[in-house]
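Everything below concerns the one structure shown next.
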Amino acid sequence: MKKILVIIGTRPEAIKLFPVVHALRDHPEFECVVCTTGQHREMVDEVLDFVGVVPDYRLDAMRAGQSLDKLTARLTTLIGPVIDKVAPDWVIVQGDTTSAFCGALSAYYRRIRVCHVEAGLRTGDIYGPWPEEANRKMIATMAALHCAPTEGAADNLRSEGVAQEAIHVTGNTVVDALIWTRRRLEENPATASELLGINHRFTGRKVVIATCHRRETRGRGMREIAEILTRIAQRSDTLIVFPLHPDPGVQAFFSSRLGGVDNVVLIKPLPYHRFIGLLMLSNLILTDSGGIQEEAAFLEIPTLVLRQKTERVEGLRTGLAKLMDMQLDDTFAAINSILDQKVESEAANFGSTLYGDGSAGKHIVKLLLECHEVIRVKSSFIPTP
């Protein structure tokens with residue numbers, strides 16, 4: 001039996017890794033051990049409670065005002081002893097967080113193989129997104145198995161010299177998670193409708209969902225987003241729902257700029273399943289989140305990406321998503337065109353296929369089962385433990 005350690009730090013990691021955990025725990029040849037780092041403690045616990053995953057290890061990595069270097073040091077020294085105790089055959093990390101990077105680094109220091117879920121996403125700018133772009137690139141140098149969500153991501157890895165035999169296009173586990181969650185919402189519609197008493201305000205309105213949390217959006221980016229939302233709110237036929245990120249600075253800024261503005265509802269972060277229910281009601285999404293870009297593409301909801309660059313280029317290529325790289329007046333005009341249905345996305349009827357068919361978790365588990373003995377990474381070897 002192979003022992004697999006899954007490292008989960010943030011809410012997006014919990015969302016994108018629970019399908020892998022489910023698939024591992026359903027397979028008789030794997031023992032799956034889950035470790036949460038505490039990077040997003042409450043939000044991670046909410047997701048895992050909903051999907052029925054109980055962590056085997058719960059770390060306490062976060063400290064008030066903690067810098068990235070201190071967080072990196074603390075995560076590495078906390079994760080290492082867990083790896084020593086579990087002695088896994090593989091460590092699985094997802095995406096681009098500090099938890100993912102430190103999980104991969106701690107495994108590498110012990111010559112334990114790393115499986116990188118959602119590998120190969122790139123913008124080409126190590127400061128955008130920051131520090132996520134650099135985290136992904138560094139994880140790629142240590143990973144033995146690269147689970148790329150798309151052919152484009154796989155091409156990025158090949159261009160960086162990652163061995164072809166270590167790269168596999170699996171689809172994105174965000175689709176697995178969304179399908180699993182949507183099925184449960186359909187089975188129990190009351191669950192989807194529990195949106196903090198604002199449902200009645202949706203009637204006859206066009207719903208715009210806004211989110212903002214990334215470090216590089218702070219400052220000018222947040223000011224421009226507040227201006228855009230203030231203008232949209234002048235439409236009497238539109239309701240803006242803005243779940244505020246827990247970061248105190250983000251909450252304080254948008255509360256001061258948008259609190260009390262007609263047609264804007266500022267709410268606390270919704271539990272994952274309720275947020276998916278909210279997305280399913282929306283006509284337009286404004287976000288700087290990577291995962292929401294993918295969820296919106298699957299649901300075929302037009303999306304304005306509140307960033308200058310994105311590593312989720314598939315939505316841009318279809319026209320379903322657009323970058324906020326224009327003047328505010330042009331951005332506002334584009335939003336009005338979408339809300340007035342003057343333009344239609346070229347992605348209609350196939351946006352749901354951009355990131356896979358919902359079987360990525362099972363595909364990843366199959367790859368882990370098939371990976372025997374030694375996997376070549378570039379010109380070096382990581383020996384089987």
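The two atoms that bring Glu311 and Pro129 nearest to each other are OE2-CG, 3.4 Å, heavy atoms only. Taking all atoms of both residues into account, the shortest heavy-atom contact from Ser99 to Ile7 is O-CG2, 4.0 Å.
No donor-acceptor pair under 3.5 Å is formed between the side chain of Asn135 and the backbone N or O of Phe101. A side-chain donor-acceptor contact under 3.5 Å links Glu133 to the backbone of Gly124. Between the side chain of Lys206 and the backbone N or O of Thr238 there is no donor-acceptor pair closer than 3.5 Å. His22 places a side-chain N or O within donor-acceptor distance of the main-chain N or O of Val51, the cut-off being under 3.5 Å. No donor-acceptor pair under 3.5 Å is formed between the side chain of Arg74 and the backbone N or O of Arg63. In this structure a side-chain-to-backbone donor-acceptor pair under 3.5 Å is missing from Arg110 to Leu105. Between the Ser282 side chain and the Ile285 main chain, no donor and acceptor come within less than 3.5 Å of each other. With hydrogens and angles disregarded, a donor-acceptor distance shorter than 3.5 Å links the side chain of Asn283 to the backbone of Val207.
Residues Met43 and Leu178 do not share a hydrophobic cluster, clusters being chains of Ile/Leu/Val/Met/Phe/Trp/Tyr side chains in contact below 4.5 Å.
Electrostatic pairing of Glu132 and Arg136 does not count as a salt bridge here, judged by no charged N lying under 4.0 Å from a carboxylate O. We find that Glu294 and Lys16 are joined by a salt bridge, their nearest charged nitrogen and carboxylate oxygen being less than 4.0 Å apart. A salt bridge does not link Asp96 to Arg122: none of the charged nitrogens lies less than 4.0 Å from a carboxylate oxygen. Between Arg58 and Asp45 there is a salt bridge, with a side-chain nitrogen of the basic residue lying less than 4.0 Å from a carboxylate oxygen of the acidic one. Glu31 and Lys2 are not joined by a salt bridge, as no carboxylate oxygen comes within less than 4.0 angstrom of a charged side-chain nitrogen. Salt bridge status for Lys366 with Glu370: present, with a side-chain N to carboxylate O gap under 4.0 Å. Salt bridge annotation for Arg11-Glu46: present, with a cationic side-chain nitrogen under 4.0 angstrom from a carboxylate oxygen.
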In sequence, state the C-alpha distance, the side-chain angles, and the governing distance for Arg41 and Asp60, and then conclude on salt bridge (charged side-chain N to carboxylate O under 4.0 Å, His left out). CA-CA 8 Å; Arg41 179 179 296 283; Asp60 183 21; 3.5 Å; yes
For side-chain hydrogen bond (donor to acceptor under 3.5 Å, both in side chains), just list the numbers for Thr76 and Ser106, CA-CA rounded to whole Å, side-chain angles, deciding distance to a tenth of an Å, and then say yes or no. CA-CA 6 Å; Thr76 305; Ser106 296; 4.7 Å; no
Evaluate the side-chain hydrogen bond (donor to acceptor under 3.5 Å, both in side chains) criterion for residues Asp125 and Thr123: first the C-alpha distance (whole Å), next the side-chain angles of each, then the deciding distance (0.1 Å), finally the verdict. CA-CA 5 Å; Asp125 178 0; Thr123 66; 5.6 Å; no
Could you go through Glu118 and Thr173, starting from their C-alpha distance and side-chain angles, then the distance that decides it, and tell me whether this counts as side-chain hydrogen bond (donor to acceptor under 3.5 Å, both in side chains)? CA-CA 8 Å; Glu118 198 181 74; Thr173 54; over 6 Å; no
Begin from the C-alpha positions of Gln94 and Glu13 and carry the test side-chain hydrogen bond (donor to acceptor under 3.5 Å, both in side chains) through to its verdict. CA-CA 6 Å; Gln94 187 279 330; Glu13 288 166 273; over 6 Å; no
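In this structure, Phe242 has its ring center under 6.0 Å from that of Phe254. Here Trp90 and Phe30 keep their ring centres 6.0 angstrom or further from each other.
Side-chain atoms of Leu286 and Leu229, non-hydrogen and from C-beta on, do get closer than 4.5 Å to each other. Within the 4.5 Å cutoff, the side chain of Asp288 has no heavy atoms near those of the Val305 side chain. The shortest distance between side-chain heavy atoms of Tyr57 and Val34 does not fall below 4.5 Å. Taking the side chain as every heavy atom from C-beta outward, Ile83 and Val91 approach each other to under 4.5 Å. The closest side-chain heavy-atom distance from Ile139 to Tyr108 is not below 4.5 Å.
Between Phe18 and Trp180, the angle of the ring planes goes over 60°, which puts this pair in the perpendicular group of the 30/60° scheme.
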